[in-house]
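Here's the structure, in structure tokens; my notes come after.
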Amino acid sequence: MDKPDFNHLPTRLGVYTLTRHIGTMPATELYLATQSHVERGVIVEVLRPEHSGPEVESFLATGRAKVAARLPHVCQVFESMVSGDIWYLTQELPKGKSLARVQQEARFLSPTQVCSVIEAAAALYMAGAEAGVAVGGLMPFAIYLRGEHMVEFLSPVMHGEHTESLQIEQMDTLAATLQPLLPTGGVPGQSRVATLVDWLAHGYEGSRLDWPTLANTAATVREQLAPTLKREHVAGLSGKTRGSFMRQFKRNRRKVVRTCIYAGVALAVLVACFVAGMLCAPSTVPKLPANNGTSVACKADAGTVYVATAPVSLKDYNHFLAVIHDESQISVDALRHLTRGVPVEHVSFKPADWDAQWEAAKRDGKYRGQQLTPESPVRGVCYWDALVYARFRHAELPDAALLQTARNACDSPATVAEWTTDEYAGTELYKSGRVLLPAGKNAYPLIAPDAATRNPDYGFRLVYPTPSAPKS
């Protein structure tokens with residue numbers, strides 16, 4: 001096989017065709033590429049051929065760290081491979097446009113986009129610190145924007161453990177990335193996001209800020225600007241709105257930012273108090289109204305949601321399997337959307353002993369000593385099965401606290417241990433990100449042994465945004 005010619009693109013590397021160079025790292029080069037046969041776009045990170053020995057070991061260790069990490073807004077990393085004597089790493093191609101491309105086109109970000117990038121970066125870095133994962137800075141080619149709010153990153157995970165000194169590098173790199181892309185020309189919010197990026201780089205009054213404070217400030221500024229920017233995009237600013245923002249624009253910059261921070265901290269305290277009140281409330285809360293027996297209305301951070309009164313049935317899951325494995329019923333793009341972020345080794349979606357379960361249900365027979373019907377809960381699903389099914393139904397998985405609330409409000413007894421999507425809010429013991437609730441309403445939660453586990457006793461139920469969603 002001919003060696004790839006990185007100086008003349010496109011060029012072949014294994015099953016990938018490298019089409020465009022997008023960035024340079026200390027030991028690697030990043031390329032936009034197309035994967036043969038499946039014809040999907042990917043990002044390929046190539047270890048420069050002159051590196052060998054310790055550099056290869058370091059590259060592979062970093063690759064393992066990237067594959068293992070599960071951090072918000074970070075695209076999935078697939079695997080490390082070698083073709084000839086060239087090592088490379090592949091990862092999912094983010095949607096949208098990179099900040100490097102925005103800069104090449106001599107364009108600028110809107111204030112809302114600047115805030116969204118800082119909020120997403122803060123979520124990434126806070127999650128990395130909590131998990132003890134070393135996460136480096138975000139260069140322009142690693143940040144992708146779609147619209148005003150959708151942000152995705154190429155993985156900045158590094159080999160090693162998190163240290164406090166990494167935060168300075170993270171903030172300095174992000175500030176340097178955003179600085180040349182700040183809006184100009186008197187755009188509403190221009191001065192506030194400029195101050196926000198200055199605080200990102202230098203702190204406030206000689207003290208560096210932490211990521212939670214920066215995230216709260218960015219969120220406050222974005223929420224203040226979003227309605228105005230939306231009207232401007234549609235029909236321009238009204239005289240009253242324009243005058244209001246001009247007066248705000250002329251205020252002292254430091255005073256505006258200080259006010260934003262105080263508001264953000266106050267909001268965080270209020271939310272924490274509210275959540276604590278909900279968790280510490282007596283278990284004898286009044287029953288919440290059900291929606292025609294199919295779901296229970298529950299209060300969540302985003303408002304009222306509707307938790308299904310029963311776990312997903314064998315009949316409904318059988319329909320899902322029929323669709324997901326039939327190319328005539330689901331497009332490649334739709335399947336890719338459903339399985340985004342799901343490890344490739346867990347995309348069969350077949351529960352443990354599925355054939356035995358479904359055959360028993362169709363004839364009203366027994367499975368593992370229990371009588372089954374098509375309406376019985378599906379069992380033997382892993383976390384990834386439950387997550388993809390939820391996306392298929394335009395729903396979500398409940399967190400443990402929300403599921404416990406819904407169970408207490410349901411008249412029908414629980415019959416299986418159920419997957420949830422977040423740590424149990426009532427204790428600090430559960431840090432895995434996924435826990436199981438046993439069948440009993442008041443039973444203590446179980447730590448999920450592994451996201452890939454398909455135990456014959458595991459089921460799940462869904463959360464819908466509207467009362468009518470469960471019927472669709």
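Computed from heavy atoms alone, side chains included, the values below leave out hydrogens, waters and symmetry copies.
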Once you round to the nearest 0.5 Å, how far does [atom1] of [X] lie from [atom2] of [Y]?
X: L99; Y: L138; atom1: CG; atom2: CG; answer: 9.5 Å
X: M81; Y: Y16; atom1: CE; atom2: OH; answer: 3.5 Å
X: E148; Y: S110; atom1: CD; atom2: OG; answer: 3.5 Å
X: F141; Y: H21; atom1: CZ; atom2: NE2; answer: 8.0 Å
X: T34; Y: L93; atom1: OG1; atom2: CG; answer: 9.0 Å
X: Y125; Y: H162; atom1: OH; atom2: NE2; answer: 11.5 Å

Less than 4.5 Å apart, any side-chain heavy atom of [X] and any of [Y]?
X: R222; Y: S116; value: yes
X: I86; Y: F6; value: yes
X: L387; Y: W419; value: no
X: F392; Y: L462; value: no
X: Y306; Y: T304; value: yes
X: P111; Y: V187; value: yes
X: L338; Y: I324; value: yes
X: Y144; Y: R101; value: no

Do side-chain atoms of [X] reach the backbone of [Y] as a donor and acceptor pair under 3.5 angstrom?
X: T339; Y: L335; answer: yes
X: E418; Y: P311; answer: no
X: R461; Y: A308; answer: yes
X: K66; Y: V77; answer: no
X: T11; Y: L18; answer: no

Side chains of [X] and [Y]: is there a donor and an acceptor less than 3.5 Å apart?
X: R393; Y: Y389; result: yes
X: S165; Y: T163; result: yes
X: Q167; Y: R208; result: no

[X] atom [atom1], neighbour heavy-atom count above 12 within 6.0 Å:
X: E396; atom1: CD; value: no
X: M126; atom1: CE; value: yes
X: Q104; atom1: CD; value: yes

TODO: Sequence neighbours left out, what passes side chain to side chain donor-acceptor pair (under 3.5 Å) with H202? Give chain and number order.
DONE: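 Testing H202 for side chain to side chain donor-acceptor pair (under 3.5 Å), a comparison that skips the adjacent residues, returns D198.
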Task: For H51, all residues meeting ring pair (Phe, Tyr, Trp, His ring centres under 6.0 Å), sequence neighbours excluded - done: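 Applying ring pair (Phe, Tyr, Trp, His ring centres under 6.0 Å) to H51 gives none.
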Nearest atoms (heavy-atom pairs only) where [X] meets [Y]:
X: K299; Y: L402; result: O-CD1, 3.9 Å
X: L397; Y: A386; result: CD2-O, 3.8 Å
X: T17; Y: P10; result: CG2-CB, 3.9 Å
X: G137; Y: E169; result: N-OE2, 3.7 Å
X: V135; Y: Q170; result: O-NE2, 2.9 Å
X: L124; Y: P156; result: CD2-CG, 3.9 Å

- [ ] Decide yes or no on ring-ring contact (aromatic ring centres under 6.0 Å, His included) for F59 and W87, but give the supporting numbers first.
- [x] CA-CA 8 Å; F59 177 77; W87 288 93; 7.3 Å; no
- [ ] Among residues two or more places apart or on two chains, list those pairs meeting salt bridge (Lys or Arg N to Asp or Glu O under 4.0 Å) that have a residue in residues 41-56.
- [x]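 Pairs touching residues 41-56 that pass the test: E29-R48, R48-E50.
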[X]: which of [options] passes side chain to side chain contact (heavy atoms under 4.5 Å, CB included):
X: L178; options: I143, I118, L196; answer: I118
X: Q179; options: L182, L181, T177; answer: L182
X: V157; options: V74, T62, V67, L71; answer: L71

- [ ] Could you walk me through whether L145 and K97 pass the side-chain contact (heavy atoms from CB on, under 4.5 Å) test, one step at a time?
- [x] CA-CA 5 Å; L145 262 172; K97 182 181 295 186; 5.9 Å; no
Open item on the list: The test is side-chain contact (heavy atoms from CB on, under 4.5 Å); show your working for H159 and L60 and say whether it passes.
Closed with: CA-CA 9 Å; H159 175 54; L60 293 176; over 6 Å; no
